Amino acid sequence: MSFRPHIVSQSALSPAARERFAKIVGEKYALTGEAMQPFLREPRDLYEGRAALVLKPGTTAEVSQILRLAQETKTPVVPQGGNTGLVGGQISFDGSAVVVSLVRMNKIREVSAEGNYMVCEAGVVLQNAQEEALRHDRLFPLSLGAEGTCTIGGNLGSNAGGTGALAYGVARDLVLGLEVVLADGRIWHGLRKLKKDNTGYDLRHIFIGSEGTLGVITAAVLKLFPAPRAVEAAFVGLKSPKDALSLLNLLQSRAGSALTSFELIARMAMEFNFLHLPGARDPLGAPHRWYALVELTSPVESGLRETLESALEEAAEKNMVEDAALAANEAQRAAFWKLRTGITETQRPEGGSIKHDVSVPVASVPAFLEEADAAVIKLIPGARPVPFGHMGDGNIHYNVSQPAGADRAAFLARWDEVNALVHGIVAKFGGSISAEHGIGVMKRDLLPEVKDPVELDMMRALKRTFDPNNILNPGKVL
Ligand code: FAD
Ligand code: MLT
Ligand code: ZN
């Protein structure tokens with residue numbers, strides 16, 4: 001993959017500035033040298049970063065002071081949460097930059113079961129937010145494979161999607177209010193708890209999904225929902241994505257908003273799981289070309305299993321499904337999900353993997369997959385497409401593993417070529433080259449090819465307004 005890290009400033013951070021930055025958070029929380037390493041690498045090991053300092057502020061006031069000083073000294077600032085982002089947005093590539101890790105800001109300031117909201121600081125780990133909500137008999141429905149590590153700030157910075165978006169929307173749909181530190185250090189106290197507020201432009205949505213380029217989110221008011229009383233999952237074997245689409249529609253018409261997840265998995269991904277995921281077992285008796293992991297969730301205790309069973313029976317009668325296993329208990333449901341979330345890791349031992357995180361209109365998923373598979377295999381005979389993901393949202397992680405036994409480096413050298421091919425097909429269907437992971441640096445240079453020029457102009461104008469000196473995560477997104 002080719003990308004040019006955008007080096008804003010070649011000059012090193014002066015010892016005096018370094019000392020002033022460190023003083024804001026205290027020496028203990030100002031990291032240099034080896035101690036910075038965990039903050040400079042990311043999950044896919046695609047990028048290796050550089051920075052002058054990693055700062056771990058404990059309060060919004062400290063973040064504000066850091067940005068004031070960064071503005072004065074023209075120091076680039078890279079906001080970072082759990083460092084699980086998959087497009088390099090959280091990685092600093094500038095040896096004079098300061099990484100601001102929000103992980104110490106991990107307080108849940110308030111939970112209101114009555115008001116159906118919680119106020120979390122940016123560094124709260126997603127799973128901790130989910131668990132705290134459940135302790136109050138409420139659900140915070142954002143859910144993704146990295147939930148044990150990723151943070152609310154990173155989820156909002158990247159507008160994460162995940163496996164519950166089908167019913168509850170993506171991260172931006174789950175936010176009532178925000179607290180943000182601007183590039184000049186001023187604090188926007190926008191922690192509103194209002195469902196309705198039409199007092200002008202809705203600035204929340206400028207910052208959500210801006211990948212740390214417009215401001216540093218320090219806290220958020222998150223929406224809560226009734227806690228589930230019943231959850232039913234099924235692992236379904238299918239002939240084709242076309243049948244998956246029919247099943248999705250059938251389930252939506254029979255279960256409505258109770259259908260909370262509909263994940264598609266190609267057989268190749270399951271084979272990788274069986275080889276590399278400890279304890280992985282096939283829930284179904286025989287192999288199938290495609291699988292769907294479907295989940296129904298309800299705040300009402302009774303009737304959900306019957307709904308799922310009868311919908312699957314109807315689907316079988318209509319020849320939409322080849323086989324299905326319903327989770328008999330929590331352990332089985334967890335095992336189904338492990339087969340889905342494990343895919344991210346089990347591609348790794350199979351060698352090079354060229355990634356795509358694309359979306360097309362839901363009804364176009366089958367045609368997209370058919371066309372992409374044919375084109376990729378024609379381009380690289382023996383290449384192994386491993387499509388999986390959030391079919392209910394039209395979002396497919398269209399990853400391509402190298403031919404078995406091929407040279408990893410030679411395969412990965414074709415990253416841009418394969419991207420161009422797949423993204424070209426995505427464009428034909430009116431899709432997006434980044435459904436949920438963001439742009440970061442990975443897709444920055446592709447953006448001008450796919451965005452309306454007027455839209456790009458508006459994005460650049462926003463960047464100039466919010467960050468005129470380009471100190472916030474420079475070289476990311478734009
Ligand atoms: P980071 O990686 O630290 O940062 C992500 C971006 O947000 C960066 O651009 C960073 O600069 C910015 N940022 C971080 N904190 C702030 C802040 N306080 N204010 C402003 N900007 C900030 N993503 C999905 O959308 N759906 C999935 O299903 C999904 N599954 C995943 C599964 C695995 C196993 C892994 C490793 C990743 C997955 N991801 C997924 C990607 C990633 O987990 C998400 O993007 C997540 O939201 C990032 O959170 P983080 O705290 O790790 O943020
Ligand atoms: C997922 O849905 O599992 C992710 O977004 C991570 C990935 O693409 O591997
Ligand atoms: Zn995903």
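Quick caveat, the model's predicted, so the values are computed rather than measured. Counting starts at 1 for both ligands and their atoms, in listed order.
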Engineer: Tell me, which protein residue and heavy-atom name are nearest atom 38 (C) of ligand 1, and how many Å apart are they?
Structural biologist: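 Nearest neighbour among protein heavy atoms for atom 38 (C) of ligand 1, to 0.1 Å: Leu86 CD1, 3.7 Å.
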
Engineer: Run the numbers for me: atoms of ligand 2, each under 4.0 Å from some heavy atom of Phe388, listed by number.
Structural biologist: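 Numbered from 1, ligand 2 contributes 3 (O), 9 (O).
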
Engineer: With heavy-atom distances below 4.0 Å as the criterion, list the atoms of ligand 1 near Asn473.
Structural biologist: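 Listed by number with element: 9 (O), 11 (O).
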
Engineer: For Gly82 and ligand 1, does the shortest N/O to N/O distance drop below 3.5 Å?
Structural biologist: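 Yes; at least one N/O pair falls below 3.5 Å.
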
Engineer: With rounding to the nearest 0.5 Å, note down the distance linking CG in Leu126 to OG1 in Thr151.
Structural biologist: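 Nearest 0.5 Å value for the CG-OG1 distance: 9.0 Å.
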
Engineer: Is His390 near ligand 2, meaning one of its heavy atoms is under 4.0 Å from it?
Structural biologist: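 Yes; His390 lies near enough to ligand 2 that a heavy-atom distance drops under 4.0 Å.
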
Engineer: From Ile91 CD1 over to Asp94 CG, what is the distance, rounded to the nearest 0.5 angstrom?
Structural biologist: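 It comes to 13.5 Å.
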
Engineer: So which of Leu126, Thr344, Val99, Leu144 gets nearest to atom 40 (C) of ligand 1, if we judge by its closest heavy atom?
Structural biologist: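 Shortest heavy-atom distance from atom 40 (C) of ligand 1: Leu144.
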
Engineer: Under a 4.0 angstrom heavy-atom cut-off, which atoms of ligand 1 come close to Ile217?
Structural biologist: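 Every atom of ligand 1 under 4.0 Å from some heavy atom of Ile217: 17 (C), 18 (N), 19 (N), 20 (C).
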
Engineer: Within a distance under 4.0 Å of any heavy atom of Gly89, pick out the atoms of ligand 1 and give their elements.
Structural biologist: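 Counting atoms of ligand 1 from 1, those under 4.0 Å from Gly89 are 8 (C), 9 (O), 11 (O).
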
Engineer: Take His276 and Gln347, measure what side-chain hydrogen bond (donor to acceptor under 3.5 Å, both in side chains) needs, and give me the verdict at the end.
Structural biologist: CA-CA 8 Å; His276 308 297; Gln347 292 160 96; over 6 Å; no

Engineer: Using distance alone, with no hydrogens and no angle criterion, decide if His356 and Asn399 have a side-chain donor and acceptor under 3.5 Å apart.
Structural biologist: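 Checked: His356/Asn399 side chains show no N/O donor-acceptor pair below 3.5 Å.
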
Engineer: Atom NZ of residue position Lys338 - does it have more than 12 heavy atoms of other residues, nucleotides or ligands inside 6.0 Å?
Structural biologist: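 Count over threshold, so yes.
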
Engineer: So which protein heavy atom does atom 49 (O) of ligand 1 come closest to, and at what separation?
Structural biologist: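 In this structure, atom 49 (O) of ligand 1 has Cys150 CB, 3.4 Å as its nearest protein heavy atom.
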
Engineer: Identify, for atom 2 (O) of ligand 1, the protein heavy atom at the shortest distance, and state residue, atom and that distance.
Structural biologist: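 Here the nearest protein heavy atom works out to Gly85 N, 2.7 Å.
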
Engineer: With atoms numbered from 1 as shown, which atoms in ligand 1 lie under 4.0 angstrom from a non-hydrogen atom of His390?
Structural biologist: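 Atoms satisfying the 4.0 Å criterion: 28 (O).
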
Engineer: Work out whether the distance between some heavy atom of Lys476 and some atom of ligand 1 is less than 4.0 Å.
Structural biologist: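 Not so, Lys476 does not reach ligand 1.
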
Engineer: So, does Val216 sit close enough to ligand 1 that a heavy atom of it is under 4.0 Å from the ligand?
Structural biologist: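 For ligand 1, residue contact (heavy atoms, under 4.0 Å) with Val216 is present.
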
Engineer: Can you tell me which residue and heavy atom of the protein come closest to atom 6 (C) of ligand 2, and the distance to 0.1 Å?
Structural biologist: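 Of every protein heavy atom, Thr344 OG1, 3.6 Å lies nearest to atom 6 (C) of ligand 2.
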
Engineer: Tell me, which protein residue and heavy-atom name are nearest atom 4 (C) of ligand 2, and how many Å apart are they?
Structural biologist: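 Here the nearest protein heavy atom works out to His397 NE2, 3.6 Å.
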
Engineer: Where do Val376 and Pro385 come nearest, in terms of heavy atoms and distance?
Structural biologist: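 Taking Val376 first and Pro385 second, the nearest heavy atoms are CG1-CG, 4.5 Å.
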
Engineer: Fit a plane to each ring of Phe225 and Tyr168, take the angle between them on a 0 to 90° scale, and name the class: parallel (under 30°), tilted (30 to 60°) or perpendicular (over 60°).
Structural biologist: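 Rings of Phe225 and Tyr168: perpendicular, as their planes differ by over 60°.
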
Engineer: At what distance is the nearest protein heavy atom to atom 3 (O) of ligand 2, and which residue and atom is it?
Structural biologist: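 In this structure, atom 3 (O) of ligand 2 has Arg340 NH1, 3.1 Å as its nearest protein heavy atom.
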
Engineer: Which residue owns the protein heavy atom closest to atom 43 (O) of ligand 1, what's the atom, and how far is it?
Structural biologist: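 So the nearest neighbour among protein heavy atoms is Thr84 OG1, 2.7 Å.
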
Engineer: Does Lys193 form a salt bridge (Lys or Arg N to Asp or Glu O under 4.0 Å) with Glu110? I'd like the steps, not just the answer.
Structural biologist: CA-CA 12 Å; Lys193 293 157 186 166; Glu110 186 190 351; 3.1 Å; yes

Engineer: With a 4.0 Å cut-off on heavy atoms, is Gly440 touching ligand 1?
Structural biologist: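 Contact check Gly440 vs ligand 1: negative.
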
Engineer: Report whether any nitrogen, oxygen or sulfur of Glu436 sits less than 2.8 Å from the Zn ion (ligand 3) (N, O or S, backbone or side chain).
Structural biologist: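 True for Glu436.
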
Engineer: Under a 4.0 angstrom heavy-atom cut-off, which atoms of ligand 1 come close to Gly212?
Structural biologist: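 The atoms of ligand 1 under 4.0 Å from a heavy atom of Gly212 are 20 (C), 21 (N).
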
Engineer: Taking backbone and side chain together, does His437 place any N/O/S atom at a distance below 2.8 Å from the Zn ion (ligand 3)?
Structural biologist: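 No, outside the cut-off.
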
Engineer: Check each heavy atom of His437 against ligand 2 and say whether those closer than 4.0 Å belong to the side chain, the backbone, both or neither.
Structural biologist: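 The part of His437 near ligand 2 is the side chain, not the backbone.
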
Engineer: Only heavy atoms of Glu436, strictly under 4.0 Å: list the atoms of ligand 2 that pass.
Structural biologist: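 This gives 2 (O), 5 (O) as the contact atoms.
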
Engineer: Looking only at heavy atoms, is any part of Leu86 under 4.0 Å from ligand 2, and if so is it the side chain, the backbone, or both, or is it neither?
Structural biologist: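 Only the side chain of Leu86 comes within reach of ligand 2.
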
Engineer: Could you say whether the N/O atoms of Gln347 and ligand 2 ever approach to under 3.5 Å?
Structural biologist: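 Looking only at distances, the answer is no, because the N/O contact criterion of under 3.5 Å is not met.
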
Engineer: Got the closest protein heavy atom to atom 35 (C) of ligand 1, with its distance?
Structural biologist: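 Result: Ala146 CB, 3.6 Å.
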
Engineer: For side-chain hydrogen bond (donor to acceptor under 3.5 Å, both in side chains), just list the numbers for Thr75 and Thr73, CA-CA rounded to whole Å, side-chain angles, deciding distance to a tenth of an Å, and then say yes or no.
Structural biologist: CA-CA 5 Å; Thr75 304; Thr73 54; 2.6 Å; yes

Engineer: Between Asp282 and Arg267, is the salt bridge (Lys or Arg N to Asp or Glu O under 4.0 Å) condition met? List the steps.
Structural biologist: CA-CA 11 Å; Asp282 195 338; Arg267 174 70 194 172; 3.7 Å; yes

Engineer: Using a 4.0 Å cut-off to any heavy atom of Gly81, which atoms of ligand 1 qualify?
Structural biologist: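 The atoms of ligand 1 under 4.0 Å from a heavy atom of Gly81 are 1 (P), 3 (O), 14 (C), 15 (N), 51 (O).
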
Engineer: With a sphere of 6.0 Å drawn around CD of Glu131, does it hold more than 12 non-hydrogen atoms of other residues, nucleotides or ligands?
Structural biologist: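 Atom CD in Glu131 is crowded, with more than 12 foreign heavy atoms closer than 6.0 Å.
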
Engineer: Considering the heavy atoms of Arg44, write down every atom of ligand 2 situated less than 4.0 Å from one of them.
Structural biologist: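 Per the distance check, 7 (C), 8 (O), 9 (O).
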
Engineer: List the steps, then state whether salt bridge (Lys or Arg N to Asp or Glu O under 4.0 Å) holds for Arg333 with Glu232.
Structural biologist: CA-CA 8 Å; Arg333 190 171 75 87; Glu232 298 291 346; over 6 Å; no

Engineer: Has Arg340 got its NZ or CZ under 6.0 Å from the middle of the six-membered ring of Phe388, at an angle within 45 degrees of the ring axis?
Structural biologist: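 No cation-pi geometry.
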
Engineer: Do any nitrogen or oxygen atoms of Leu102 come within less than 3.5 Å of a nitrogen or oxygen of ligand 1?
Structural biologist: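 Between Leu102 and ligand 1, no N or O pair is found under 3.5 Å apart.
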
Engineer: I would like to know whether Arg109 and Glu179 meet salt bridge (Lys or Arg N to Asp or Glu O under 4.0 Å); could you show each step before the answer?
Structural biologist: CA-CA 12 Å; Arg109 293 184 189 167; Glu179 179 184 271; 3.2 Å; yes

Engineer: For ligand 1, is there an N or O atom under 3.5 Å from any N or O atom of Thr163?
Structural biologist: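 Between Thr163 and ligand 1, no N or O pair is found under 3.5 Å apart.
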
Engineer: I need the atoms of ligand 1 closer than 4.0 Å to a non-hydrogen atom of Ala160, numbered in the order shown.
Structural biologist: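 Those of ligand 1 that fall under 4.0 Å from Ala160 are 25 (O), 47 (O).
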
Engineer: Please say whether Thr149 places an N or O atom under 3.5 Å from an N or O atom belonging to ligand 1.
Structural biologist: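 No; the residue has no nitrogen or oxygen that sits under 3.5 Å from a nitrogen or oxygen of the ligand.
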
Engineer: Can you tell me if Arg44 has a non-hydrogen atom under 4.0 Å from ligand 1?
Structural biologist: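 So Arg44 does not count as touching ligand 1.
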
Engineer: Just to confirm my output: which protein heavy-atom neighbour is closest to atom 4 (O) of ligand 1, and how far is it?
Structural biologist: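 Minimum-distance protein heavy atom for atom 4 (O) of ligand 1 reads Gln90 CB, 3.5 Å.
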
Engineer: Please state which protein non-hydrogen atom is closest to atom 16 (C) of ligand 1 and give its distance, to 0.1 Å?
Structural biologist: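 The answer is Gly153 O, 3.5 Å.
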
Engineer: Going by heavy-atom distance to atom 6 (C) of ligand 1, choose the closest among Ser158, Ser92, Pro43, Gly389.
Structural biologist: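 Among Ser158, Ser92, Pro43, Gly389, the closest heavy atom to atom 6 (C) of ligand 1 comes from Ser158.
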
Engineer: Which one of Leu214, Asn395, Thr151 has a non-hydrogen atom at the shortest distance from atom 51 (O) of ligand 1?
Structural biologist: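 Checking each option, the heavy atom nearest atom 51 (O) of ligand 1 is found in Thr151.
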
Engineer: What are the two closest non-hydrogen atoms of Phe466 and Pro468, and how far apart are they?
Structural biologist: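 Between these two residues, the closest heavy atoms are C-CD, 3.6 Å.
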
Engineer: Could you check whether any heavy atom of Gly215 sits closer than 4.0 Å to an atom of ligand 1, since that is the contact criterion I want to use?
Structural biologist: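 Within the 4.0 Å threshold, so yes.
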
Engineer: Identify the closest protein heavy atom to atom 53 (O) of ligand 1: which residue and atom is it, and at what distance?
Structural biologist: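 The closest one turns out to be Gly154 CA, 3.3 Å.
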
Engineer: Would you say Arg348 has more than 12 foreign heavy atoms packed within less than 6.0 Å of its CZ?
Structural biologist: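 Atom CZ in Arg348 is packed in, count exceeds 12.
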
